[in-house]
Amino acid sequence: MTTRNNSIIDAVIIGGGFYGAAIAIYLTKQRGLKQVVLVEREATLLAHASYNNQARIHNGYHYPRSFTTAYRSRINLPRFVHDWPEAVKQDFTKLYAIARRNSKVTAKQFVRFCKEIGAKIEPSDQSLRQLFEPHFIEEVFLVEEYAFDASKLASWAKIELNECGVEIRLENRVTAISKRSDALNVVIEDKEGNESEIFSRYVFNCTYSGLNQFVGDFSGTRTQLKQEITEMALMDVPPELKNLGITVMDGAFFSMMPFPSRGLHTLSHVRYTPHLHWNDQQGIDPYSKLNNYDKATRVDRMVRDAARYLPTVQNAKYVDSLFEVKTVLIKNEGDDGRPILFEKHQDMLGCYSVLGGKIDNIYDILEKLDEEFF
Ligand SMILES: Cc1cc2nc3c(=O)[nH]c(=O)nc-3n(C[C@H](O)[C@H](O)[C@H](O)COP(=O)(O)OP(=O)(O)OC[C@H]3O[C@@H](n4cnc5c(N)ncnc54)[C@H](O)[C@@H]3O)c2cc1C
């Protein structure tokens, strides 16, 4: 049986990741919306991509092939540090190393690119350089890049949402969005399979991998998406790597970043982190695909290849893996750019779909929302 409350509320936010939480807080605090319900299918907030990621607060370095993404990161990083100081880890040394062979960028080009985007860069000192294998690494640079603690962002979200009076419905999944003459109709299923309906003036679809998994009148995003099942290994690194974040650029290489919420490091490898991919379409539920995937780790291959560049990585102890679906815009596959997806559904006025390719893109989304009249 479907339960229905006929009154019309201000907004339903679908998805309790960082984006859904930040948007719900923005709508109540800055835009004066009163009755806001946030629906999240998992038992906790920030349980998916907002937790299972590399925790890098980008500062441009990662994107020599996408100037716009690099430039936006430069603008957004200081704002993120200002707004979430407790969740930002700055007390580590960040190195970018340029591979000699098969790199899409040379050391000289990388320096020029960093100067163009105004990002700090200097050659690292000898003690750090000697961690790398000189036959494979052309140059090692000291840069300024930070990490975020997703558990602290989750605690922030919980407190702020409560303070703003947002009603949080955990373990509830939105299955359908439809039009009614005076509102949008959102169908929600709880974990026992009971259905309920909410009528709302606005709906914000902040479901990242789940953006296109609704029935009803929802016709999907215009932007084509690619889904990837990804693995990042969680490593307990040896003392000489403890205080470091390392990225080897720019091609089929790897990154090792502090993962503050577990006190470990993530290891990702461009070749081995993506396990499986498909073009997104309605009816292929990424979360079911992730649940049914066997999740056999590829950490051995990641370590074997990374150790050619950084031999001490062999002394890191494997602890666990974070498996997650990563959603990217098909149009950015070539340049690695991470723009936002912000769509107003013209056939369903009041319904918005959003996706930020990085955590700091939240500012780009909020700027778009600033232009909207609610
Ligand atoms: C492997 C990987 C590495 C990454 N590395 C970085 C990085 O280093 N730095 C960086 O800035 N970004 C990184 N990202 C990107 C970053 O994680 C995302 O940009 C960000 O987390 C997206 O937040 P979100 O709230 O949109 O998504 P999510 O956190 O996934 O939130 C979406 C929520 O919607 C819920 N949901 C889905 N469907 C429904 C439904 N029908 N009903 C109710 N709830 C639903 C889900 O359970 C989920 O909690 C990485 C991503 C991945 C996957």
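Each ligand, and each atom within it, is numbered from 1 in the order the structure gives. Bear in mind that the values here come from a model prediction, so they are computed numbers and not experimental data.
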Distance-only N or O hit between ligand 1 and Ile359, under 3.5 Å: yes

Are side-chain heavy atoms of Ile98 and Phe141 found at a separation under 4.5 Å? yes

Can the positive tip of Lys289 be found less than 6.0 Å from the middle of the six-membered ring of Trp278, inside 45° of the ring normal? yes

What is the nearest protein non-hydrogen atom to atom 13 (C) of ligand 1, stated with its residue, atom name and distance? Asn53 CB, 4.0 Å

Minimum distance, heavy atoms only, to atom 45 (C) of ligand 1: which one of Lys358, His48, Met232, Arg41 is it? Arg41

Check contact between Leu355 and ligand 1, using heavy atoms of the residue and a distance below 4.0 angstrom. no

Between Ser268 and ligand 1, which residue portion shows a heavy-atom distance shorter than 4.0 Å: side chain, backbone, both, or neither? neither

Answer with yes or no whether Tyr51 contacts ligand 1, where contact means a heavy atom under 4.0 Å from a ligand atom. no

Please state which protein non-hydrogen atom is closest to atom 19 (O) of ligand 1 and give its distance, to 0.1 Å? Gly356 O, 2.6 Å

Per atom 42 (N) of ligand 1, closest listed option by heavy atom (Ile340, Thr44, Val174, Leu322): Val174

Among Arg56, Glu171, Glu40, which one has a heavy atom closest to atom 49 (O) of ligand 1? Glu40

Polar contact flag for Ile14 and ligand 1 (N/O pairs, less than 3.5 Å): no

How far is atom 25 (O) of ligand 1 from the closest protein heavy atom, and which atom is that? Tyr19 N, 3.0 Å

Would you find a donor on one side and an acceptor on the other, under 3.5 Å apart, between the side chain of Tyr19 and the backbone of Ile362? yes

Could you list which atoms of ligand 1 come closer than 4.0 Å to a heavy atom of Glu42? 47 (O)

With rounding to the nearest 0.5 Å, note down the distance linking OG1 in Thr266 to CG in Asp320. 12.0 Å

Does Leu46 come within less than 4.0 Å of ligand 1, judged by its heavy atoms? no

Give me the residue, atom name and distance of the protein heavy atom closest to atom 27 (O) of ligand 1. Tyr208 CB, 3.2 Å

Under 4.0 Å between heavy atoms, the region of His58 that gets near ligand 1 turns out to be side chain

Given Ile57, Leu341, Thr207, identify the one with the heavy atom nearest to atom 39 (C) of ligand 1. Thr207

When the ring centroid of Tyr208 is compared with that of His48, is the distance short of 6.0 Å? no

Heavy-atom donor-acceptor pair, Tyr61 side chain to Glu144 backbone, under 3.5 Å: yes

For a quick test of your reading: what N or O donor-acceptor pairs under 3.5 Å do the side chains of residues 233-242 make, sequence neighbours left out?
from, atom 1, to, atom 2, distance (Å)
Asp236, OD1, Lys242, NZ, 3.0
Lys242, NZ, Val237, O, 2.9

Residue selection (non-hydrogen contact nearest atom 32 (C) of ligand 1) among Ser73, Cys206, Pro286, Gly357: Cys206

Given the side-chain rings of Tyr309 and Phe253, with only the six-membered ring counted for Trp, is the space between their centroids under 6.0 Å? yes

Test the Arg180-Phe199 pair against the cation-pi criterion, namely NZ or CZ under 6.0 angstrom from the six-membered ring centroid and within 45° of the ring axis. yes

Any nitrogen or oxygen of Gln54, main chain or side chain, under 3.5 Å from a nitrogen or oxygen of ligand 1? yes

Provide the number and element of each atom of ligand 1 under 4.0 Å from a heavy atom of Thr230. 1 (C)

Is a side-chain N or O of Glu231 found less than 3.5 angstrom from the main chain of Arg298, in a donor-acceptor match? yes

Looking at ligand 1, does Asn172 have a heavy atom less than 4.0 Å from it? yes

Working to the nearest 0.5 angstrom, can you tell me the gap between Ser196 OG and Arg169 CZ? 5.0 Å

Look only at interatomic distance and state if Lys326 has a nitrogen or oxygen under 3.5 Å from any nitrogen or oxygen of ligand 1. no

Which option out of Ser50, Gly17, Ala176 puts a heavy atom nearest to atom 23 (O) of ligand 1? Ser50

N/O of Phe214 under 3.5 Å from N/O of ligand 1, yes or no? no

Backbone N or O of Ser209 within a donor-acceptor pair of the Gln227 side chain at under 3.5 Å? yes

Test your reading of the model: is there a side-chain donor-acceptor pair from Arg72 to the backbone of Asn361, 3.5 Å cut-off? no

Only heavy atoms count here, so choose which of Ala49, Ala43, Ala154 is nearest to atom 30 (O) of ligand 1. Ala49

Can a cation-pi geometry be assigned to Arg308 and Phe136, taking NZ or CZ under 6.0 Å from the six-membered ring centre and within 45° of the ring axis? yes

